[in-house]
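The structure presented is a predicted model; accordingly, all values stated were derived computationally and were not measured.
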Amino acid sequence: MYDFSAFCQLHPELKGCQPSLERAVEAIVNAVKGGGKLLLAGSGGSAADCEHIAGELLKEFRIHRRRDPFFDDAFFRMFPDDGALLKALAPGVPAVSLTGGVAINTALLNDVGAEVLFAQKLYALARPQDVFLAVSTSGNSAMLIAALKVAKVLGVKTIALTGDGGGKMKNFCDILITVPQKETYLVQELHLPVYHQLCAAVEEELFG
């Protein structure tokens with residue numbers, strides 16, 4: 001398992017997150033190895049965090065990721081003169097932020113309502129082997145609680161990243177990661193090192 005000791009030394013106020021972080025890493029790694037993906041959702045600043053997390057996982061983050069040699073062989077057979085493209089590619093962790101999509105977002109907001117925004121996307125995209133990560137500073141987002149309920153029915157493993165206490169979302173997730181702040185911007189400042197460590201640990205477990 002990934003060594004979180006350096007993280008705990010650098011951020012002693014987040015040492016209490018380690019057990020939940022370890023469980024979250026295990027859930028995501030097992031999902032990916034089983035053919036699943038990570039789905040993420042959050043609103044406002046947490047929506048930006050979801051995009052950030054997905055971005056770190058879809059490409060190399062901290063370490064070099066070796067490609068599947070079978071992919072390399074197949075690529076060279078089909079495109080022998082395009083080695084530069086192959087060299088630029090790196091294996092990615094399948095991570096999809098549910099925050100984007102102006103067409104579907106505005107359609108749902110106009111036709112159904114805000115609360116169902118992430119629940120509908122999750123219902124359409126999630127499979128039982130997936131993991132859903134919900135990010136909220138308060139832990140009380142109605143949109144995320146609705147999505148967590150859908151995930152539970154679908155048999156999808158759920159992780160919530162919240163502020164102190166976990167809010168209402170603590171009652172609907174399998175793994176709860178809380179940081180010891182309540183004010184929005186302070187929670188967001190602590191969420192960043194937490195999810196960077198999550199990305200680093202997932203990458204190390206899958207590609208290290």
Side-chain angles (χ1 to χ4, degrees), residues 1-34 36-66 90-95 97 130-141 144 148 151 156-208:
M1 175 60 72
Y2 182 83
D3 184 2
F4 286 94
S5 58
F7 166 72
C8 293
Q9 289 175 5
L10 186 61
H11 302 282
E13 73 278 21
L14 296 174
K15 188 174 182 179
C17 296
Q18 181 176 343
S20 296
L21 264 173
E22 290 176 348
R23 293 178 60 206
V25 170
E26 182 180 17
I28 295 169
V29 168
N30 287 341
V32 172
K33 288 182 176 179
K37 60 187 176 293
L38 175 65
L39 298 163
L40 309 100
S43 62
S46 296
D49 288 332
C50 290
E51 296 286 346
H52 189 165
I53 295 166
E56 303 292 25
L57 292 174
L58 286 166
K59 60 171 183 58
E60 289 185 348
F61 176 43
R62 296 184 64 195
I63 63 174
H64 174 63
R65 304 178 184 180
R66 293 184 178 180
V93 178
S97 174
D130 296 339
V131 172
F132 174 51
L133 171 58
V135 184
S136 169
T137 56
S138 69
N140 293 317
S141 167
L144 293 176
L148 287 167
V156 171
K157 194 87 168 179
T158 55
I159 305 165
L161 175 59
T162 73
D164 196 32
K168 296 177 183 178
M169 283 167 54
K170 68 184 177 184
N171 300 314
F172 299 97
C173 65
D174 299 309
I175 301 168
L176 176 66
I177 306 172
T178 64
V179 299
Q181 288 290 349
K182 288 185 179 293
E183 193 169 355
T184 297
Y185 83 97
L186 294 174
V187 174
Q188 290 171 338
E189 287 180 1
L190 293 182
H191 275 183
L192 177 62
V194 168
Y195 68 67
H196 266 165
Q197 280 301 297
L198 178 72
C199 292
V202 168
E203 181 181 57
E204 179 68 33
E205 291 296 314
L206 289 171
F207 305 107

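Smallest separation of non-hydrogen atoms from Met169 and Thr162: CE-CG2, 4.1 Å. When all heavy atoms of Val187 and Gly163 are compared, the pair lying nearest together is CG1-CA, 3.8 Å.
The shortest distance between side-chain heavy atoms of Lys157 and Phe132 does not fall below 4.5 Å. Side-chain contact between Leu198 and Leu133 is present, with heavy atoms from C-beta onward closer than 4.5 Å. Counting heavy atoms from C-beta outward, Pro180 and Leu190 have side chains that approach closer than 4.5 Å.
Glu22 and Tyr2 share no donor-acceptor pair across their side chains, judged by distance under 3.5 Å alone.
Checking side-chain atoms of Ser141 against main-chain N and O of Leu144 turns up a donor-acceptor pair under 3.5 Å. A donor-acceptor pair under 3.5 Å is formed between the side chain of Ser20 and the backbone N or O of Leu176.
The only option from Leu206, Leu38, Val32 that meets the side-chain contact (heavy atoms from CB on, under 4.5 Å) definition with Leu57 turns out to be Leu38.
Annotation: salt bridge (Lys or Arg N to Asp or Glu O under 4.0 Å) contacts of Asp130 (sequence neighbours excluded): Lys37.
Counting only residues at least two apart or in different chains, side chain to side chain donor-acceptor pair (under 3.5 Å) contacts with residues 5-17 comprise Asp3-Ser5. Within the structure, salt bridge (Lys or Arg N to Asp or Glu O under 4.0 Å) pairs that include any residue of residues 194-208 comprise Arg65-Glu203 (at least two apart or interchain). Every pair passing side chain to side chain donor-acceptor pair (under 3.5 Å) that includes a residue from residues 165-184 is listed here, sequence neighbours excluded: Thr158-Asp174. The ring pair (Phe, Tyr, Trp, His ring centres under 6.0 Å) pairs that include a residue from residues 164-188 number zero, where partners must be two or more places apart or lie in different chains. Within the structure, salt bridge (Lys or Arg N to Asp or Glu O under 4.0 Å) contacts touching residues 185-197 (residues at least two apart or in different chains) do not occur.
Aromatic ring centres of His196 and Phe61 lie closer together than 6.0 Å.
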